[in-house]
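Inspection log for the structure reproduced underneath, given as structure tokens.
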Amino acid sequence: GVLYKHRNLDGLWKALKILEKETELKPKDLKIRLIGDEGSLGLSSAIAMGVGDYIESTPRVPVDQALQIQAEADILLLVTSGVDLPWSRAWATGKIGDYLGARRPILALVHPSGDAAQTVQSTKSGVVLHPDDANGIKQAIASYLDTHKRLGEIIYEPDMEVVSKYSWRNLGAQYAKLLSNITCSE
């Protein structure tokens, strides 16, 4: 993907630094795989903050490969803008549909009152935190790491009835109905 101008991972990088100090977290314990154009992934800020060793950068991949990678991930990282503007709250990236389809827990670093947050919360698909909330992000990562250490996996128990409302098939049907209603009413 691409981290556009108003999206950044500085809160995540700060959380990793805090975890290093408080828990002796090491890069062998956690890898964050970012896929996309290297210049747009925020890697320079991770390196500048001393957490570059946690990052595995992969160039863009075809959609089918990206979906496979998502399905195999322990946690999926969703990042939107934390800027408190009307457009940032209404911003619900299409990546959410892919992530819900992957059926993996989502660490959503998004505006807490925005559409993306509402989707993740209503589906019970993950944890929602403001992108700048380094302490909250730290706690979420620590909890995920602890669960993985104790159980060998991270438990994912979404509300599948609500998740199904966000499937591409269902959304496509809703869109087709809307278009039909518009064209039939003329």
Handout entry: Check: Asp115 and Val110 side chains under 4.5 Å, non-hydrogen atoms
Key = no
Practice task
List the atom of Val51, the atom of Lys17, and the distance in Å for their closest heavy-atom pair.
Solution key: CG1-CD, 3.4 Å
Handout entry: Approximate separation, where rounding is to 0.5 Å, of Trp13 CH2 and Leu43 CG
Key = 7.0 Å
Problem - Main-chain N/O of Glu20 paired with Thr23 side-chain donor or acceptor, under 3.5 Å - result: no
Exercise for the section: Measure the shortest side-chain to side-chain distance between Thr119 and Leu100 over non-hydrogen atoms and say whether it is less than 4.5 angstrom. Expected result: yes
Exercise for the section: Taking the side chain as every heavy atom from C-beta outward, state whether Ser45 and Leu9 have any atom pair closer than 4.5 Å. Expected result: no
Practice task
Measure the spacing between NE2 of His148 and CG of Leu145 and express it to the nearest 0.5 Å.
Solution key: 8.5 Å
Practice task
Please tell me if the side chains of Leu30 and Leu19 come closer than 4.5 Å, counting only heavy atoms from C-beta onward.
Solution key: no
Exercise for the section: Determine whether Ile96 and Met160 fall in the same hydrophobic cluster, where Ile, Leu, Val, Met, Phe, Trp and Tyr are linked whenever their side-chain heavy atoms lie under 4.5 Å apart. Expected result: yes
Handout entry: Separation of Arg33 CZ from Asp74 CG (nearest 0.5 Å)
Key = 12.0 Å
Handout entry: Side chain proximity check, Ser125 to Val163, heavy atoms < 4.5 angstrom
Key = yes
Exercise for the section: Taking all non-hydrogen atoms of both residues into account, name the closest pair between Arg104 and Tyr156 and its distance. Expected result: O-CE1, 3.3 Å
Problem - Shortest non-hydrogen separation from Ser164 to Asn170 and the atoms involved - result: O-CB, 3.6 Å
Problem - Heavy atoms of other groups near Arg169 CZ, more than 12 under 6.0 Å - result: no
Completion exercise
Taking every heavy atom of Val162 against every heavy atom of Ser122, the minimum-distance pair comes out as CG1-O, 3.6 Å
Handout entry: Hydrophobic cluster membership, Ile55 vs Ile18, 4.5 Å side-chain cutoff
Key = no
Practice task
With rounding to the nearest 0.5 Å, note down the distance linking NZ in Lys149 to OG1 in Thr147.
Solution key: 12.0 Å
Practice task
Ignoring hydrogens and angles, tell me if any N or O in the side chain of Asp29 forms a donor-acceptor pair with the backbone of Lys26 under 3.5 Å.
Solution key: yes
Completion exercise
In terms of heavy-atom contacts, Pro105 and Tyr144 come closest through CB-OH, 4.1 Å
Exercise for the section: Considering non-hydrogen atoms only, spot the tightest contact between Pro112 and Ala117 and give its length. Expected result: O-CB, 3.5 Å
Exercise for the section: Identify whether Leu77 and Leu67 are in the same connected component of the hydrophobic contact network (ILVMFWY, side-chain heavy atoms under 4.5 Å). Expected result: no
Exercise for the section: Consider only side-chain heavy atoms of I, L, V, M, F, W and Y, link residues closer than 4.5 Å, and tell whether Ile154 and Ile141 are in one cluster. Expected result: yes
Handout entry: Within 6.0 angstrom of Lys31 NZ, more than 12 heavy atoms from elsewhere
Key = yes
Handout entry: Spacing of Tyr99 atom OH and Leu76 atom CG [to the nearest 0.5 Å]
Key = 5.5 Å
Handout entry: Met49 reachable from Val79 in the ILVMFWY side-chain graph, under 4.5 Å edges
Key = yes
Completion exercise
CG of Leu12 to CG of Asp133, rounded to nearest 0.5 Å, is 11.5 Å
